[in-house]
Amino acid sequence: MSRAVEAPPLQLAPMTERDGQAICTWRYPEPYHLFKWPDWDDMVREEKEFADPELRRLQYLAVRNAADDSLVGYVQLFPMEGTIRLGMGLRPDCCGRGWGAHLTRLVVQEASRRQPEAEIDLEVEQWNRRAIRAYEKAGFVVTDQYERRASHGIVRVNCMVWQGMA
């Protein structure tokens, strides 16, 4: 397990096609290996998620290290009726360093700016304790549990709702 390292200054920026291509190459160690995007060319052919230029513009942001402009993660802000659902990922070598809560707070600020009255929530697979701890540190609490289909099968998830900065 990696040790906590102070997060660099993170900033959100429009996600570029080049960012999307890079994200599709990221591979995580087990058990996180399930969280991989398909090959970029397949995503483009299927007009899937951030490979669709309009969806990328509306819902996705790149997470950059403000010190050197390197791509360190991505976020999705998915609008729903009265809710904005967050999705996020860090580059594999940036995981396990304690940056998750910092990133989550940054994303909550952006979601609040975009939809000030909306509830902010996210889904996290129940086995992913590392992510759950980061979300709890950022002010999220579990409000529901259910099963849903993911790219790697049927998974049990916690729905977590933001209750305020912790």
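As the structure is a computational prediction, the values presented were derived from the model and not from experiment. Just so you know, residue 1 is the first one in the sequence shown, and it goes up from there.
Annotation: side chain to side chain contact (heavy atoms under 4.5 Å, CB included) contacts of P38 (sequence neighbours excluded): M43, K48. Remark: D42 engages R45 in a salt bridge (charged side-chain N to carboxylate O under 4.0 Å, His left out) (not counting sequence neighbours). Applying the salt bridge (charged side-chain N to carboxylate O under 4.0 Å, His left out) criterion to E110, with sequence neighbours excluded, gives R113, R114.
The 12-atom threshold is exceeded at CD of E119, counting heavy atoms of other residues, nucleotides or ligands nearer than 6.0 Å.
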Got a list of side-chain donor-acceptor pairs under 3.5 Å for residues 77-88, not counting sequence neighbours?
from, atom 1, to, atom 2, distance (Å)
R85, NE, D121, OD1, 2.9
R85, NH1, E123, OE2, 3.4
R85, NH2, D121, OD2, 2.9

Enumerate donor-acceptor pairs with a distance under 3.5 Å from any side-chain N or O in residues 19-28 to protein atoms, sequence neighbours excluded.
from, atom 1, to, atom 2, distance (Å)
D19, OD1, T16, OG1, 3.4
D19, OD1, R64, NH2, 2.7
D19, OD2, T16, N, 2.9
D19, OD2, T16, OG1, 3.1
D19, OD2, R64, NH2, 2.7
T25, OG1, A22, O, 2.6
W26, NE1, A22, O, 3.4
R27, NH1, C24, O, 3.0
R27, NH2, C24, O, 3.4
Y28, OH, L90, O, 2.7

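Tracing side-chain contacts under 4.5 Å through hydrophobic residues (I, L, V, M, F, W, Y), one reaches V142 starting from V124; they form part of the same cluster.
Contact check for N158 versus I132: side-chain heavy atoms found under the 4.5 Å cut-off. A 4.5 Å side-chain heavy-atom check between Q109 and S112 finds every atom pair outside the cut-off. Counting heavy atoms from C-beta on, the side chains of L55 and F50 never come closer than 4.5 Å. With a 4.5 Å cut-off on side-chain heavy atoms, R56 and E17 count as touching. Counting only heavy atoms from C-beta outward, the side chains of V72 and D93 never approach each other to under 4.5 Å. H152 has its side chain within reach of E125: a pair of non-hydrogen atoms, C-beta onward, lies under 4.5 Å apart. For the pair H33 and K36, the minimum side-chain heavy-atom distance is 4.5 Å or more. Residues L10 and H102 form a side-chain contact, since some pair of their non-hydrogen atoms from C-beta on lies under 4.5 Å apart.
Clustering of Ile, Leu, Val, Met, Phe, Trp and Tyr side chains at separations under 4.5 Å places V155 together with Y146, V157.
Nearest heavy-atom pair, Q126 versus R129, reported as atom, atom and distance to 0.1 Å: O-CD, 4.4 Å. Shortest non-hydrogen contact noted between A138 and W162 is O-NE1, 3.1 Å. Considering every non-hydrogen atom in both F140 and T104, the closest pair reads CE1-CG2, 3.5 Å. The shortest heavy-atom contact between L71 and G73 is CD1-O, 3.3 Å. When all heavy atoms of A67 and P9 are compared, the pair lying nearest together is N-CG, 4.0 Å. Closest approach of W99 to P8, counting heavy atoms only: CZ2-CD, 3.3 Å.
In this structure, W127 and F35 have parallel ring planes: the angle between them is below the 30° cut-off, well short of the 60° mark.
With respect to E54 and R57, a salt bridge is recorded, a charged nitrogen being found less than 4.0 Å from a carboxylate O.
With R91 contributing its side chain and Y74 its backbone, the two residues share no donor-acceptor pair below 3.5 Å. Remark: the backbone N or O of D41 is paired with a side-chain donor or acceptor of D39 at under 3.5 angstrom.
Between the CZ atom of R105 and the NZ atom of K137 there is a distance of 8.5 Å, given to the nearest 0.5 Å. The line from CG of L34 to OG of S151 is 7.5 Å long, rounded to the nearest 0.5 Å.
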